[in-house]
Amino acid sequence: MLDLNNYLNKTLEIKVGEEIVHVKDLSYAMWQELGGKATTLDEQLDFVARAMSNNTEGRDFTATELAKLPKPAVEAILGALIKSGSAAVSDPN
């Protein structure tokens, strides 16, 4: 049986300072946006802020807040979200 709850409840744990947030996997709509629209650095930063705001803690992140992080940190967040979503494609459950 394919249990979609496994996908709906999957999160990526991200630590920012002393705070830990559990970011939900990217939705299909967000994947489409990432593939076609989030091409400039500002668009990618906005995208990461929205993705980070989709967390189980209800914490909202802003692009302004994330812009204060080092660029490799923001790239690491985006890369981890992509990797997490890509893993679901190869997982038969």
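Everything numeric in this text was worked out from a predicted model, so none of it was measured.
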Any side-chain donor near an acceptor of the partner, Ser84 and Lys10, under 3.5 Å | yes
Quick one: pull up CG in Asp25 and CG in Asn6 and give me the separation to the nearest 0.5 Å.
-> 11.5 Å
Output all residues satisfying salt bridge (Lys or Arg N to Asp or Glu O under 4.0 Å) with Glu65, sequence neighbours left out; order by chain, then residue number.
-> Arg59
Given side chains that start at C-beta, do those of Ile14 and Ile20 come closer than 4.5 Å, heavy atoms only?
-> no
Any residue meeting side chain to side chain contact (heavy atoms under 4.5 Å, CB included) with Leu66, in chain and number order, not counting sequence neighbours | Leu45, Val48, Ala49, Met52, Phe61, Leu69
Sequence neighbours excluded and cut-off under 3.5 Å, please list the side-chain donor-acceptor pairs for residues 70-80, or say none.
from	atom 1	to	atom 2	distance (Å)
Lys71	NZ	Glu75	OE2	2.3

Qualifying residues under side chain to side chain contact (heavy atoms under 4.5 Å, CB included), relative to Leu8, sequence neighbours excluded = Asn5
Do the non-hydrogen side-chain atoms of Lys24 and Asn55 ever get within less than 4.5 Å of each other?
-> no
Asp46: what forms a side chain to side chain contact (heavy atoms under 4.5 Å, CB included) with it, not counting sequence neighbours?
-> Arg50, Ala63
Report the distance from atom CG of Leu12 to atom CG of Leu26, rounding to the nearest 0.5 Å.
-> 9.5 Å
With sequence neighbours excluded, tell me which residues meet side chain to side chain donor-acceptor pair (under 3.5 Å) with Glu18.
-> none
For the side chain of Glu57 and the backbone of His22, is there at least one donor-acceptor N/O pair under 3.5 Å apart?
-> yes
